[in-house]
Amino acid sequence: MRFQLESWPLNRLAYRYTLELIGSLRVGRSWKGPMRRSKADKAITHSKILTVAAKRFRERGLEGIGVADVMKEAGCSVGGFYKHFGSRDELVVEAMAEAFKDVDRWEEQAADLPAFLEAFLSDADSKRAALNCAVTAFAGDVRHASTSVKTVYTQRVKHTIGYYNHGLKGGDAQSRRTRAILLLSAAVGAASLARAVNDKTLSQEILKAVRDEFIDLAQRPLPRPSRLSGAPNDDRKPGPLAGRN
């Protein structure tokens with residue numbers, strides 16, 4: 001008996017699946033169309049949840065929004081949460097990783113380290129920086145978080161130190177790393193402090209002071225290390241007693 005598809009009261013999706021099924025039967029293989037679509041739908045939903053969680057965690061803190069609110073904003077039922085995550089901690093870990101992707105894009109768009117610091121510590125971009133720089137946004141909460149959350153954050157800090165390190169010139173590996181840690185620590189601290197105070201003038205003063213000093217540091221090549229370890233880098237001429245026993 002031949003299929004009379006034209007007479008079936010099917011919607012477009014069912015009609016497409018029916019054609020796929022018939023094609024699969026003709027070549028003797030099992031049909032997996034709806035399963036593939038189900039996985040694709042789940043991936044899209046998962047991405048929506050992570051996008052909402054990453055944004056809200058940055059804005060309100062890791063404990064500032066519950067699972068129910070995240071799921072609702074993502075357009076999902078609360079009951080569907082465990083189809084995507086084993087626990088709330090797992091959501092936090094994945095959302096942090098998602099948030100750090102924005103930092104990656106921000107670093108890639110900056111022409112160099114001074115340009116990155118200029119944008120990060122500028123008053124005009126302070127709101128954007130607060131959202132994009134998850135390193136700053138999560139700094140206060142992570143110390144109370146689980147080991148898995150701390151691990152994700154630690155890996156990000158290591159990556160960012162490397163980014164700063166790569167943007168510095170001169171010196172040796174250790175001196176560049178030391179300056180990179182200094183720049184990152186002070187930049188995160190200054191941004192956090194400037195956004196915490198409710199005095200706009202003071203906030204701008206904090207950002208400007210650190211920005212001006214650190215852009216200069218980022219542009220200035222580090223001095224070459226001394227050839228003799230521990231020897232002072234001193235250009236003074238020897239005194240009249242030099243060389244005497």
Side-chain angles (χ1 to χ4, degrees), residues 54-64 95-145 149-225 233:
K55 181 180 179 181
R56 295 310 179 199
F57 286 154
R58 280 178 290 185
E59 292 175 342
R60 305 179 188 178
L62 298 181
E63 300 298 330
M96 285 183 68
E98 182 69 19
F100 288 145
K101 291 179 182 179
D102 290 338
V103 185
D104 287 332
R105 285 189 284 270
W106 200 15
E107 291 175 352
E108 291 169 1
Q109 291 170 4
D112 51 23
L113 181 57
F116 177 88
L117 291 171
E118 174 71 33
F120 180 75
L121 293 170
S122 66
D123 179 64
D125 286 340
S126 60
K127 184 177 180 181
R128 183 171 72 90
L131 295 179
N132 285 355
C133 187
V135 177
T136 300
F138 296 142
D141 292 339
V142 169
R143 61 195 181 104
H144 302 297
V149 172
K150 288 181 178 179
T151 298
V152 174
Y153 188 82
T154 300
Q155 291 302 316
R156 179 68 228 185
V157 170
K158 290 179 179 179
H159 171 88
T160 304
I161 289 173
Y163 169 79
Y164 277 51
N165 193 340
H166 183 73
L168 295 171
K169 299 177 181 179
D172 58 8
Q174 185 56 54
S175 62
R176 288 192 301 273
R177 178 174 174 81
T178 298
R179 181 168 290 185
I181 293 174
L182 171 66
L183 290 172
L184 174 61
S185 301
V188 170
S192 299
L193 189 61
R195 286 189 286 271
V197 300
N198 64 356
D199 184 326
K200 186 175 182 180
T201 300
L202 176 59
S203 176
Q204 293 175 341
E205 186 179 7
I206 292 170
L207 290 172
K208 184 178 186 306
V210 176
R211 180 176 67 245
D212 292 349
E213 290 293 328
F214 277 21
I215 287 178
D216 179 64
L217 272 180
Q219 292 174 330
R220 188 192 313 163
L222 284 89
R224 290 185 178 182
N233 188 4

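Index from 1, following the sequence.
- Salt-bridge formation is detected for the pair Glu98/Lys101: a Lys NZ or Arg NE/NH1/NH2 atom is positioned less than 4.0 Å from an Asp or Glu carboxylate oxygen.
- Between Ala191 and Thr136, the shortest heavy-atom distance links the atoms CB-CG2, 4.3 Å.
- Nearest heavy-atom pair across Gly61 and Asp141 is CA-OD2, 3.0 Å.
- Considering all non-hydrogen atoms of both residues, Leu182 and Phe214 come closest at O-CE2, 3.8 Å.
- Atom CG of Asp199 has more than 12 neighbouring heavy atoms from other residues, nucleotides or ligands inside a 6.0 Å radius.
- Atoms CG and CZ, from Leu121 and Phe116 in turn, are 8.5 Å apart once rounded to the nearest 0.5 Å.
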Might you work through the side-chain contact (heavy atoms from CB on, under 4.5 Å) test for Thr154 and Val142, ending with a clear yes or no? CA-CA 10 Å; Thr154 300; Val142 169; over 6 Å; no
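- Lys158 places none of its side-chain heavy atoms less than 4.5 Å from the side chain of Ile161.
- Other residues, nucleotides and ligands contribute only 12 or fewer heavy atoms inside 6.0 Å of the NE2 atom of His166.
- For the atom pair CZ (Arg176) and CG (Leu183), the distance works out to 13.5 Å, reported to the nearest 0.5 Å.
- Rounded to the nearest 0.5 angstrom, Leu193 CG and Ile206 CD1 are separated by 4.0 Å.
- Side chain of Arg156 to main chain of Val135: no donor-acceptor pair is present (N/O by atom type, distance under 3.5 Å, no hydrogens or angles).
- Listed here is the closest heavy atom pair of Ala190 and Val210: CB-CG2, 3.6 Å.
- Rounded to the nearest 0.5 angstrom, Leu117 CG and Gln219 CD are separated by 9.5 Å.
- For Ser175, the side-chain contact (heavy atoms from CB on, under 4.5 Å) test picks out Asp172, Leu222, with sequence neighbours left out.
- Applying the 6.0 Å contact sphere to CZ of Arg56 captures more than 12 heavy atoms from other residues, nucleotides or ligands.
- Distance check: Leu202 CG to Glu205 CD gives 6.0 Å after rounding to the nearest 0.5 Å.
- Residue Trp106 holds its CH2 atom at 9.5 Å from OH of Tyr163, rounded to the nearest 0.5 Å.
- The two atoms that bring Phe57 and Leu62 nearest to each other are CE2-O, 3.6 Å, heavy atoms only.
- Between Val152 and Phe100 there is a side-chain heavy-atom pair separated by less than 4.5 Å.
- Nearest heavy-atom pair, Tyr153 versus Ala134, reported as atom, atom and distance to 0.1 Å: CE1-O, 4.2 Å.
- Within 6.0 Å of NZ on Lys150 lie more than 12 heavy atoms contributed by other residues, nucleotides or ligands.
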